[in-house]
There are 2 protein chains.
Amino acid sequence: MQSRPRIPEATVARLAVYLRVLTGLADSGRGTVSSGELASAAGVNPAGLRKDLSHLGPCGTRGVGYEVSTLRDRIAGVLGMETAHACVLVGIGNLGSALAGYGGFGNRGFEFVGLFDASPARVGQRIGDLPVRPMEELDEVLAETRATIGVIATPAEVAQRVCDQLTAAGVRSILNFAPVTLSAPAGVGVRQVDLSVELQVLAFLDKQRGPAPAALGTALGTALAPAGGMA
Amino acid sequence: MQSRPRIPEATVARLAVYLRVLTGLADSGRGTVSSGELASAAGVNPAGLRKDLSHLGPCGTRGVGYEVSTLRDRIAGVLGMETAHACVLVGIGNLGSALAGYGGFGNRGFEFVGLFDASPARVGQRIGDLPVRPMEELDEVLAETRATIGVIATPAEVAQRVCDQLTAAGVRSILNFAPVTLSAPAGVGVRQVDLSVELQVLAFLDKQRGPAPAALGTALGTALAPAGGMA
DNA sequence: GGATGTGAACGCCTTCACAGCT
DNA sequence: AGCTGTGAAGGCGTTCACATCC
């Protein structure tokens, strides 16, 4: 059972969350956890958590719970974290800089091995210990480092072109922050994070939840930026 | 039944994507689109798209397609975009700065009315036309502006405290970028964007897809999911 | 006694196929 | 003829309840 009967994608996403919680628990010196406690910390249903973990084969002790460090290692192994993943990041604007400087990746086995930008003004800057390189060097770096993951943080207009370039050079997984739907060859995984979509879903759910407590919207009145215009 | 029998959350997220595509189409002067074309641009199944739109009541013309600007307005209305949403942003580090400067929000009816950070070094800086304010002014600004959405881009350690403060001041929707699971009172919507989780899901799917080829040549002979692909 | 692991029921969402309008 | 709108079928994931084991 624990070979590869395929783990549901929704479960994989939650496993990553459990891993984060377990890491924190382990750092606190905690020895064991129950499904109830772990589920509460991860914000999910206890039965669902056990179901998720069942995809990894038995990994708890009945009547006791889960051993924190063992479970952590087990999940880390399933998620493929024992080997580091080399990533390249294209588009070093505000968001790209944030991603490049975000410490949360390194802790989880992801390492940026190349930062790229089309703007000469940004090329040559250093972020952390990496220089920003021109787009012309992308193929070369990909060939050298065998990076398998590409992160796109460019303006929407060039995202598809960057995607094409990445996939042509052998990148098999892409995380896209540009607000466009990318088309990639079969066999290439694409994941989209669209910040505006998140906000719109949030706003809709709020609207649906209740007819709003009091009259608002009047407070805004004047200031509504016409169209920001960051490319 | 176009009243409000509740629209599935998955549909809402896709509506936001359709809206983005339609806006682009309208700017190109396009008059009408078929479900097939729109679905292709949004990366979804045509039948699914029509099903999504059916939640809004009839909004196309049989034999012809959808009128671009009409459909855009219809979706915008359902998503609650006719009234602007005031947001506050807490945590003006790299990511927070990126969010504050991101033009994609203003275009979609979201406006930041306050930026906050606990670090004195950041307070007083300006991003766009807003100053970074100290945390002490959060309650005051929330009371004045009646902002309903809070965005958290702080370190994980303080995210829950910020969440408590936001909800106590009446914020009903929270978008959280900190890698922690927030607990909020019932009636408050929380959406989580965890960049590390996204990367881990991506890496897992890649690992599951194939044992990784040696170089960039794709293994033609080996198992590729048959997946009858007529669309 | 207590908590895990899991089969089964339930509900949601996607997909298909076709009826219906233009 | 073309494309939308939708009932029905199918697949997937979540939830529940309980058998199982420490």
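Order of the sequence lines fixes the chain letters, A, B, ..., with proteins taken first and strands second; residue numbering starts at 1 for each chain.
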Protein-nucleotides 15-20 of chain D N/O pairs closer than 3.5 Å?
from, atom 1, to, atom 2, distance (Å)
dT20(D), O2, Arg62(A), NH1, 2.5

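In this entry the distance linking NE2 of His55(B) with C1' of dT4(D) reads 15 Å, nearest Å. Spacing between atom CZ of Arg6(A) and atom C1' of dG11(D) amounts to 10 Å, rounded to whole angstrom units. Atom CG in Leu38(B) sits roughly 14 Å away from atom P in dC3(D) (whole-Å rounding). Between the CG atom of Leu53(B) and the P atom of dC13(C) there is a distance of 16 Å, given to the nearest Å. Distance Glu9(B) CD to dC13(C) P: 8 Å, rounded to the nearest Å. Atom-to-atom, CG of Asp52(B) to P of dC13(C) comes out at 10 Å; the value is rounded to the nearest Å. Atom CG in Leu49(B) sits about 12 Å away from atom P in dT14(C), given to the nearest Å. Rounded to an integer number of Å, the gap from Leu71(A) CG to dT4(C) P is 11 Å.
Judged by distance alone, with hydrogens and angles left aside, the side-chain atoms of Ser28(B) form a donor-acceptor pair with the main-chain N or O of Gly24(B) at under 3.5 Å. The backbone N or O of Ala184(B) lies less than 3.5 Å from no partner atom in the side chain of Gln160(B), so there is not a single donor-acceptor pair. In this structure, the side chain of Arg72(B) does not engage the main chain of Ala26(B) through any donor-acceptor pair within 3.5 Å. Here the side chain of Thr23(A) pairs a donor or acceptor atom with the backbone of Leu19(A) at under 3.5 angstrom. No donor-acceptor pair closer than 3.5 Å links the side chain of Glu198(A) to the backbone N or O of Ala13(B). A side-chain donor-acceptor contact under 3.5 Å links Asn176(A) to the backbone of Val180(A).
The stretch residues 10-31 of chain A does not touch DNA chain C, since none of its heavy atoms comes less than 4.0 Å from the strand.
Ion pair Arg209(B)/Asp206(B) flagged as a salt bridge, since at least one NZ, NE, NH1 or NH2 atom sits closer than 4.0 Å to an Asp/Glu carboxylate oxygen. The pair Glu67(A)-Arg30(A) fails the salt-bridge criterion, with no side-chain N (NZ, NE, NH1 or NH2) lying under 4.0 Å from an Asp/Glu carboxylate O. Ion pairing between a basic and an acidic side chain is recognised when a charged N comes within 4.0 Å of a carboxylate O; Arg14(A) and Glu9(A) show no such pairing.
For the pair Tyr66(A) and dC22(D), the criterion of a side-chain N or O lying under 4.0 Å from OP1 or OP2 is not met. Between Ser35(B) and the phosphate of dT4(D), there is a side-chain N or O to OP1/OP2 separation shorter than 4.0 Å.
Defining each end axis of the helix from dG1(C)-dC22(D) to dT22(C)-dA1(D) as the rotation carrying four pairs' C1' atoms onto the next four, with five pairs an end, the two axes are found to diverge by 0° to 10 degrees.
With DNA chain D read from its 5' end, the first of the two nearest nucleotides for Cys59(B) and Gly63(A) is the one closest to Cys59(B).
Between His85(B) and Phe110(B), the ring-plane angle classifies as parallel under the 30° and 60° cut-offs.
Between Val188(B) and Ser173(B), the shortest heavy-atom contact is CG1-N, 4.5 Å.
Contact annotation: the side chain of Ile174(A) never approaches that of Leu202(B) to less than 4.5 Å [non-hydrogen atoms, C-beta and beyond].
Of the candidates dG13(D), dT4(D), dT4(C), dG13(D) carries the atom nearest the Pro8(A) side chain, counting heavy atoms from C-beta on.
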